[in-house]
Amino acid sequence: MSEESLPTDALPEYAERVLEVAESIPSGHVMTYGDVAEWLEEGGPRQVGRVMALYGGAVPWWRVVRADGALLPGHELDALGHYRDEGTPLKEASRASEGHLPRIDMRRARWDGGERAQGHT
């Protein structure tokens with residue numbers, strides 16, 4: 001059986017864990033790729049990004065973001081629509097950066113895992 005013919009529900013265990021974290025992020029909040037890796041105590045930002053790129057379409061992918069708050073290249077408008085619908089805090093583009101898209105206000109939007117984080121060791 002080739003890799004292409006594997007059932008779509010046969011995700012690697014790490015990918016399942018990353019996607020579970022993405023699904024747990026409340027509406028209007030975000031976690032960085034590094035936050036997710038730290039939460040899982042496994043992998044790093046690049047590994048989380050790879051999982052999100054390959055499998056993230058079935059979860060709220062827009063809630064896992066770059067640490068600088070920049071919108072995901074190629075998906076900016078889709079993500080921006082979700083952020084506005086959910087009330088995610090944004091930093092509007094300055095006048096000097098006319099035509100540029102806003103960034104996520106990481107100070108206000110970043111989620112630390114809430115109650116789950118308190119029980120996490």
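This structure is a prediction, so every number in the text was calculated from the model and none was measured. Every heavy atom of this structure was used, including side-chain atoms; hydrogens, water molecules and symmetry mates were not. The first residue in the sequence is number 1, and the count goes up from there.
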Between G28 and T88 the two heavy atoms that sit nearest each other are CA-OG1, 3.3 Å
By side chain to side chain contact (heavy atoms under 4.5 Å, CB included), P45 pairs with (sequence neighbours left out) Y33
Interatomic distance, I104 atom CD1 to D68 atom CG [nearest 0.5 angstrom]
9.0 Å
Quick one: CG on L19 to OH on Y55, what's the gap to the nearest 0.5 Å?
9.0 Å
Holding to salt bridge (Lys or Arg N to Asp or Glu O under 4.0 Å), I want the full list of residues that pass it with E86, two or more places apart in sequence or in another chain.
R63
Counting N and O atoms only, with roles assigned by atom type, does the side chain of D85 sit under 3.5 Å from a partner on the main chain of H82, one being a donor and the other an acceptor?
no
So NE2 of H29 and CZ of R110: to nearest 0.5 Å the spacing works out to 12.5 Å
Below 4.5 Å, heavy atoms only, C-beta onward: do L90 and L80 meet side chain to side chain?
yes
Kindly indicate, with the supporting measurements, whether the criterion side chain to side chain contact (heavy atoms under 4.5 Å, CB included) is fulfilled by M106 and V65.
CA-CA 10 Å; M106 294 303 292; V65 301; 4.0 Å; yes
State, yes or no, whether a side-chain contact exists between M52 and V36 at a heavy-atom distance under 4.5 Å.
no
Find out whether V64 and V30 are in side-chain contact, i.e. whether some heavy atom of one side chain is under 4.5 Å from a heavy atom of the other.
no
Are the side chain of Y14 and the backbone N or O of E42 linked by a donor-acceptor pair below 3.5 Å?
yes
If you count every heavy atom of other residues, nucleotides or ligands that lies below 6.0 Å from R103 atom CZ, does the total exceed 12?
yes
Who are the side chain to side chain contact (heavy atoms under 4.5 Å, CB included) partners of A58, not counting sequence neighbours?
none
Counterpart residues, side chain to side chain contact (heavy atoms under 4.5 Å, CB included), relative to P89 (two or more places apart):
D105, R108, A109
First locate atom CG of L40, then atom CD of E20, and finally report the distance between them rounded to the nearest 0.5 Å.
9.0 Å
With R46, which residues qualify under salt bridge (Lys or Arg N to Asp or Glu O under 4.0 Å), at least two apart?
none
Minimum heavy-atom distance T32-A67, with the two atoms named
CG2-CA, 3.6 Å
Would you indicate whether the side-chain heavy atoms of K91 and P102 approach each other to under 4.5 Å?
no
If you round to the nearest 0.5 Å, how far is CG of L71 from CG of L77?
8.5 Å
Contacts of A79 meeting side chain to side chain contact (heavy atoms under 4.5 Å, CB included) (sequence neighbours excluded), chain-then-number -> W61, W62, Y83
Lys/Arg-Asp/Glu bridge criterion (N-O < 4.0 Å) met for E76, R66
no
